[in-house]
J.: 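Please read through the structure below; I'll follow up with questions.
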Amino acid sequence: MRDDLDLTRTLGEWLSGTGPESDIVISTRIRLARNVVEYPFLTRIKDADRSELEVFLRERLTEADLDQNLLYRNLNETSNLDRQCLVERHLISKDHASGRGERGVALEPKGTLSVMVNEEDHLRIQVLRSGFQPNAAWKQISEVDLRLESRLNYAFSRQFGYLTACPTNVGTGMRVSVMLHLPALVMTKQIEKVFHAVAKINLAVRGFYGEGTQALGDFYQISNQVTLGYSEEEILKTMADYVPQIIKFERNVRETLITENRIGLEDRVWRAFGMLERARLITSEETLDYLSAVRMGVNLGLIDRIPISAVNELFILTQPAHLQKLNGCELDTPERDENRAEYVRDRLASLN
Amino acid sequence: MICESCHQNLATVHLTEIVQKTKKETHLCEECARKKGVSYNAQFSVKDFLGGLTKKAKPSPEVGDSPSPAAEPKKPCPSCGITFAEFRQSGRLGCHRDYEQFKEDLVPLLKKIHNAEVQHTGRVPGRIGERLELEQKLNEMRAQLEEAVAKENYEMAAELRDQIKTAEGRT
């Protein structure tokens, strides 16, 4: 397994903006929570056992030959900046980055596959794909799960399914999350209708970085709330049935905005573009807001001078940790705002 | 129902707040809810959801209620040492055996969380899947044996009995 890690050089597959419905769906993510029978859950584990478990799982992950480019990082031996980069890439959770004790992550450099070791559960397997592709993501993660299963004794009960530290994950241990870009629904204040509708069908809405986070830049994650009593296929079907309806809703509203008030929409999109092109100080939240408007503008053909992949790239590279990584040194908040404005200006100028 | 704030639009946002044990319900239209800054995301916090449910979890049965060992679920798990009270506080179990240990308290909780029957219907790990298949086959053979005995086909019954014995050795 390789162990070098420079995320600023390789962009994740999910950022390519090439997947199905990628004008609205940023990514499809599936994660499986798994534990092994030989050790207690991480909430009750002793430090020595925790270290032993990390080594045990790392070895099994290596043996399983999940991907020829798979690399493994022990997070205790990873800098805070690199850990934050992994969070910004959605490859590890915030809790895993800020956690304590022996823990790690195995990942494939394109970012489609990552396996968190010693997070809330012994293993959190994740597949992340560009656009709306729940079935392709399931096929990939299912294969990984089977390969690991032949080398591990998963904690499983016939009644409760895969046994997890938190009872909200027990059963399939599966969470399917679709990251949606819904600027038109937010702009026309119809987003609440989506929240109400999804809550009725046991789906949850979360912010940009998952559970307990804020919605930034008009991005929302829709995921299954329930993991027990339904099979993996049924959970996938619920997503496949309802997510396209939200996509259609957003598209219809975009169309209406164009036909009824094209100049108003153009003004909004170009003002955002102007801010990014000219600002001297810019926060990451502000950047996300403007990039969100620009992203919609590009997808609607209102802006044709920059490709969607460049916009997607800016979303990640302007985040605090990536920015510092690009800059080669740590920066405090005011320095970052200046550095970010400069980076965005240069990047946009180079595309013109 | 009409919005309690503007008294004009249809109320589609229904909030229930519990302040000092008093339940307060508010019905607002989308417009007014937004003005008041009602956060929808807050309604989806899994931790809060679990916290609310675990507090309402069924109390343990009185001593003498039932002689089964499951009737004393307040005992800590012999494997990891966690008590059900500790689980209620943290929302996290201590080891995979807790699911059996606290079964009686967990089943109603799981039913509420997942809003479904507490029976896994998804993927089964291969090893366990094989065992399930074997057990299913065994049940079929036992039924055939009964049938053979009923029909006084003792030769077949003897053969089936031997097959069952061999299969049982493998489970």
Side-chain angles (χ1 to χ4, degrees), chain A residues 32 35-37 39-45 120 142 145-146 149-150 152-174 189-193 195-196 199 202 204-207 211-215 220 225-235, chain B residues 12-14 29-31 33-34 38-50 53-54 77 79-82 86-87 90-100 102-103 105-107 109-129 131-132 135:
Chain A
L32 297 175
N35 291 278
V36 296
V37 294
Y39 294 87
F41 294 151
L42 291 145
T43 37
R44 303 289 289 192
I45 204 166
E120 184 180 289
S142 166
D145 186 41
L146 289 176
E149 180 199 288
S150 63
L152 298 164
N153 284 315
Y154 280 158
F156 180 87
S157 116
R158 285 182 205 177
Q159 184 181 4
F160 302 116
Y162 292 93
L163 304 174
T164 55
C166 182
T168 56
N169 296 318
V170 79
T172 56
M174 177 164 93
K189 302 181 167 56
Q190 301 200 69
I191 193 77
E192 281 88 353
K193 287 185 187 153
F195 295 167
H196 284 300
N202 285 333
V205 184
R206 297 188 168 95
E211 198 179 309
T213 65
Q214 220 185 320
Y220 293 90
Q225 182 82 277
V226 167
T227 54
L228 182 66
Y230 297 89
S231 69
E232 290 82 359
E233 285 74 16
E234 285 169 322
I235 293 169
Chain B
T12 52
V13 180
H14 311 282
C29 67
E30 283 180 19
E31 185 77 31
R34 211 165 30 246
V38 173
S39 158
Y40 289 90
N41 276 349
Q43 297 179 16
F44 293 108
S45 159
V46 176
K47 203 182 169 190
D48 292 349
F49 182 62
L50 177 66
L53 288 170
T54 47
C77 168
S79 180
C80 72
I82 200 172
E86 282 173 308
F87 157 68
S90 69
R92 301 289 182 276
L93 291 159
C95 75
H96 69 92
R97 290 185 185 87
D98 296 345
Y99 280 94
E100 278 305 316
F102 304 126
K103 195 172 183 169
D105 285 321
L106 277 174
V107 167
L109 176 65
L110 288 169
K111 201 167 177 170
K112 281 186 204 162
I113 292 175
H114 296 277
N115 195 19
E117 279 311 305
V118 183
Q119 180 53 57
H120 177 64
T121 59
R123 166 175 279 192
V124 174
R127 266 182 287 262
I128 294 162
R131 208 162 68 215
L132 279 176
E135 272 171 31

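Values in this document were obtained by computation on a predicted structure and should not be read as measured data.
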J.: Pick whichever of A:E233, A:R44, A:E149, A:E232 has the most heavy-atom pairs under 4.5 Å with chain B.
T.: A:R44
J.: What residues, two or more places apart in sequence or in another chain, satisfy side-chain contact (heavy atoms from CB on, under 4.5 Å) together with B:Q119?
T.: A:Q159
J.: Please rank A:T164, A:L163, A:I191 by heavy-atom pairs under 4.5 Å with chain B and give me the top one.
T.: A:L163
J.: Ring-plane angle category for A:F41 and B:Y99, please: parallel below 30°, perpendicular beyond 60°, tilted otherwise.
T.: perpendicular
J.: So which part of A:L152 gets closer than 4.5 Å to some heavy atom of chain B, the side chain, the backbone, both or neither?
T.: backbone
J.: Which atoms of A:N153 come close to chain B, meaning under 4.5 Å heavy atom to heavy atom: side chain ones, backbone ones, both, or neither?
T.: both
J.: Check B:K103 with B:E100, please: is the shortest side-chain N to carboxylate O separation under 4.0 Å?
T.: yes
J.: Distance only, no hydrogens: is a donor on one side chain within 3.5 Å (strictly under) of an acceptor on the other, for A:S231 and B:R123?
T.: no
J.: With sequence neighbours left out, what residues match A:T43 under side-chain hydrogen bond (donor to acceptor under 3.5 Å, both in side chains)?
T.: none
J.: Considering only heavy atoms, which portion of A:E234 lies under 4.5 Å from any heavy atom of chain B: side chain, backbone, both, or neither?
T.: side chain
J.: Please determine, among A:N202, A:L146, A:V36, the option with the most heavy-atom pairs under 4.5 Å with chain B.
T.: A:L146
